[in-house]
**Q** 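Right, I'll just put the structure down here and ask away after.
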Number of protein chains: 2
Amino acid sequence: MEPELTIQQVAEATGLSVHTLRYYERCDLIAPIRRLANGHRRYSTRDIRWIEFLNRLRLTGMPIRQMQQYAALMQQSPDETAQERRQLLEAHREVMVAQIQQLQENLAVIDWKIQHYGELEAKAKASGLFPPEDTQTNGQILPSRRSSNRL
Amino acid sequence: MEPELTIQQVAEATGLSVHTLRYYERCDLIAPIRRLANGHRRYSTRDIRWIEFLNRLRLTGMPIRQMQQYAALMQQSPDETAQERRQLLEAHREVMVAQIQQLQENLAVIDWKIQHYGELEAKAKASGLFPPEDTQTNGQILPSRRSSNRL
DNA sequence: ACTTGACTTCGAGTGCGCTCTAACTTGTAC
DNA sequence: GTACAAGTTAGAGCGCACTCGAAGTCAAGT
């Protein structure tokens, strides 16, 4: 019933390397995995869910230290530390939201610049074979509120 | 007219450290800054705009190597390499968009988990002083589509 | 004359998160 | 038996992006 995957399979399933999986276990992000008689790891579906969750935290930029905290609470007592864990997650949530917002802001600027390049190229094409006259404009770097073509 | 800031002031203005500013110049992210007779740097507003732009790229996860490429093109010829630079930006844009989307996906999962914790706590409060009966549920890690309270 | 403080360079050091190596054990296939 | 594949460990190494330290220069203030 319970699949019980090898480390290889878990690596494939989660996108982490086998090295990383062992590394995570070493630094207590993952509780000791069940072993076969020969010492080989066998991961339960539960283990895999946990790893996938860790991966999400990681992908959203949570530092390993914090994941360790979370994992430690989990191993200490899944019940009694629930509140503390929720708080950790909520704190991280705030970070994520801020992160997303900043990315979106910066995306807007990048888009603005890309569009600007498009205009320059169009102008170049329209006005002859060589690049536009406004060398300076091209060198301009940041919109910084309503900056027109001038410098 | 032109302000011409010291490295200190630029650090304050941009949020980068003076160390980092020098480091960026060393590795050609920033073209050689104008110097006073005594060797001290004086940054023009143009320089600052460029630095702010770099910072945006950095904040959106562009590796220094790529920024170097962009900077190199810029120094090579602001006009003739415009197209190439636009392409670089467009490629980066794609990365950013993907990044934002993944963050949002993961945010949704984190939110789901936080909410779940909230429910557990409410249940705990409702049913007496001690934690809820479903110890296992609490240990569950990932929603992975319609996972109910079981295991 | 001397201290203070802001700057300079070069090169070394740091912290993070892996990533890899070497040496070894096990289990299976031929 | 012997080769091969897949696992194990401890520990070293790596790439990135800074970050810092040491030693020196220079200008202004007392």
Side-chain angles (χ1 to χ4, degrees), chain A residues 3-44 47-48 51-71 92 95 99 106, chain B residues 3-44 47-48 51-72 92 95 99 102 106:
Chain A
E4 296 278 86
L5 304 185
T6 67
I7 197 164
Q8 262 296 341
Q9 294 171 315
V10 175
E12 278 154 29
T14 61
L16 299 170
S17 74
V18 295
H19 294 296
T20 303
L21 287 169
R22 287 196 275 253
Y23 164 69
Y24 278 7
E25 195 174 336
R26 252 195 292 175
C27 57
D28 301 319
L29 287 180
I30 301 172
I33 296 296
R34 190 176 85 79
R35 303 297 185 108
L36 259 39
N38 60 14
H40 290 199
R41 291 172 178 82
R42 276 306 113 94
Y43 292 78
S44 72
D47 294 328
I48 287 150
I51 290 162
E52 281 168 344
F53 177 60
L54 279 183
N55 206 14
R56 269 176 206 281
L57 294 181
R58 181 188 79 109
L59 287 171
T60 54
M62 184 185 281
I64 280 185
R65 290 297 172 88
Q66 244 167 89
M67 293 199 253
Q68 283 172 331
Q69 259 183 67
Y70 192 97
H92 184 56
V95 174
Q99 217 182 136
N106 290 331
Chain B
E4 297 278 88
L5 304 184
T6 67
I7 197 166
Q8 262 296 341
Q9 295 171 315
V10 175
E12 278 155 30
T14 60
L16 299 169
S17 75
V18 293
H19 296 296
T20 304
L21 287 170
R22 285 196 276 253
Y23 165 69
Y24 278 7
E25 195 174 336
R26 250 195 294 176
C27 59
D28 301 320
L29 287 180
I30 301 173
I33 296 297
R34 190 176 85 78
R35 303 298 184 108
L36 259 36
N38 60 14
H40 290 198
R41 291 171 179 82
R42 278 303 113 95
Y43 292 78
S44 72
D47 294 329
I48 287 149
I51 290 162
E52 280 167 344
F53 178 60
L54 279 182
N55 205 15
R56 268 175 207 282
L57 294 180
R58 180 189 80 109
L59 287 170
T60 54
M62 184 184 280
I64 278 183
R65 291 297 174 88
Q66 246 169 85
M67 293 198 253
Q68 283 172 331
Q69 261 182 67
Y70 193 96
H92 184 56
V95 173
Q99 218 182 133
Q102 218 207 24
N106 290 332

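Letters A, B, ... are given to chains in the order of the sequence lines, protein chains preceding strands, and every chain is numbered from 1.
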**Q** With heavy atoms of chain A within less than 4.0 Å as the criterion, where does contact along DNA chain C begin and end?
**A** C/dC16 to C/dG27
**Q** Could you list the residues that satisfy salt bridge (Lys or Arg N to Asp or Glu O under 4.0 Å) with B/Glu4, not counting sequence neighbours?
**A** B/Arg34
**Q** Taking side chain to side chain contact (heavy atoms under 4.5 Å, CB included) as the test, write out the residues that go with B/Asn106, two or more places apart.
**A** A/Arg56, A/Leu59, A/Thr60, A/Met96, B/Gln102
**Q** Let me know the distance between CE of B/Met67 and P of D/dC16, rounded to the nearest Å.
**A** 12 Å
**Q** Can you give the donor-acceptor pairs under 3.5 Å from side chains of residues 22-29 of chain A to other protein atoms, not counting sequence neighbours?
**A**
unit_1: A/Glu25; atom_1: OE1; unit_2: A/Arg41; atom_2: NE; d: 2.6
unit_1: A/Glu25; atom_1: OE2; unit_2: A/Ile33; atom_2: N; d: 3.1

**Q** Donor-acceptor pairs under 3.5 Å, side chain of residues 8-15 of chain B to any protein atom, not counting sequence neighbours: which ones?
**A**
unit_1: B/Gln9; atom_1: OE1; unit_2: B/Thr6; atom_2: N; d: 2.8
unit_1: B/Gln9; atom_1: OE1; unit_2: B/Thr6; atom_2: OG1; d: 3.3
unit_1: B/Thr14; atom_1: OG1; unit_2: B/Val10; atom_2: O; d: 2.8
unit_1: B/Thr14; atom_1: OG1; unit_2: B/Leu16; atom_2: N; d: 3.3

**Q** Going by the rule side chain to side chain donor-acceptor pair (under 3.5 Å), which residues pair with B/Tyr70 if we only count those two or more places apart in sequence or in a different chain?
**A** A/Tyr117
**Q** Given atom CD1 of A/Ile7 and atom P of D/dA5, what is their separation to the nearest angstrom?
**A** 19 Å
**Q** Both A/Arg58 and B/Gln9 contact DNA chain C. Taking the nearest nucleotide for each, which residue is further toward the 5' end?
**A**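 Looking at DNA chain C, the more 5' nearest nucleotide goes with B/Gln9.
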**Q** Using the test salt bridge (Lys or Arg N to Asp or Glu O under 4.0 Å), find all partners of A/Arg65 that sit at least two apart in sequence or belong to another chain.
**A** none
**Q** Enumerate the residues from residues 33-42 of chain A whose closest heavy atom to DNA chain D is under 4.0 Å, giving them by residue number; use none for an empty result.
**A** A/Arg35, A/Gly39, A/His40, A/Arg41
**Q** Pick the closest DNA chain D nucleotide for A/Gln8 and for B/Pro63 by heavy atoms, then say which residue is nearer the 5' end.
**A**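 By nearest-heavy-atom nucleotide position, the 5'-most residue is A/Gln8.
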**Q** What does the inter-axis angle of the helix from C/dA1-D/dT30 to C/dC30-D/dG1 come out as, five pairs per end, nearest 10 degrees?
**A** 20°
**Q** Given atom CG of B/Leu29 and atom C1' of D/dA17, what is their separation to the nearest angstrom?
**A** 11 Å
**Q** Check side chain to side chain donor-acceptor pair (under 3.5 Å) between A/Arg58 and all other residues, then give those that pass, not counting sequence neighbours.
**A** A/Asn55
**Q** I need the CD-C1' distance between B/Gln68 and D/dC18, as an integer number of Å.
**A** 14 Å
**Q** Grab the N/O contacts between the protein and nucleotides 10-15 of chain D below 3.5 Å, and write none if there aren't any.
**A**
unit_1: D/dG11; atom_1: N7; unit_2: A/Arg26; atom_2: NH1; d: 3.3
unit_1: D/dG11; atom_1: O6; unit_2: A/Arg26; atom_2: NH2; d: 3.3

**Q** Starting from C1' on D/dT19, measure out to CZ on B/Arg22 and report it in whole angstrom.
**A**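 Atom-to-atom, B/Arg22 to D/dT19, this comes out as 11 Å.
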**Q** Applying the side-chain contact (heavy atoms from CB on, under 4.5 Å) test to B/Ile64, which of B/Gln68, B/Met62, B/Gln66 qualifies?
**A** B/Gln68
**Q** Please tell me if B/Tyr24 has a side-chain N or O lying less than 4.0 Å from either OP1 or OP2 of D/dC18.
**A**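 Yes, within the criterion.
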**Q** Rounded to whole Å, please give me the gap between CE in B/Met62 and P in D/dC16.
**A**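 For the pair B/Met62 CE and D/dC16 P, the rounded distance is 15 Å.
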**Q** I need the residues from residues 12-21 of chain B with at least one non-hydrogen atom less than 4.0 Å from DNA chain D; give them sorted by number, or say none.
**A** B/His19, B/Thr20
**Q** Could you give the distance from CD1 (A/Ile30) to CD1 (A/Ile51), rounded to the nearest 0.5 Å?
**A**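 The CD1 atom of A/Ile30 sits 4.0 Å away from the CD1 atom of A/Ile51.
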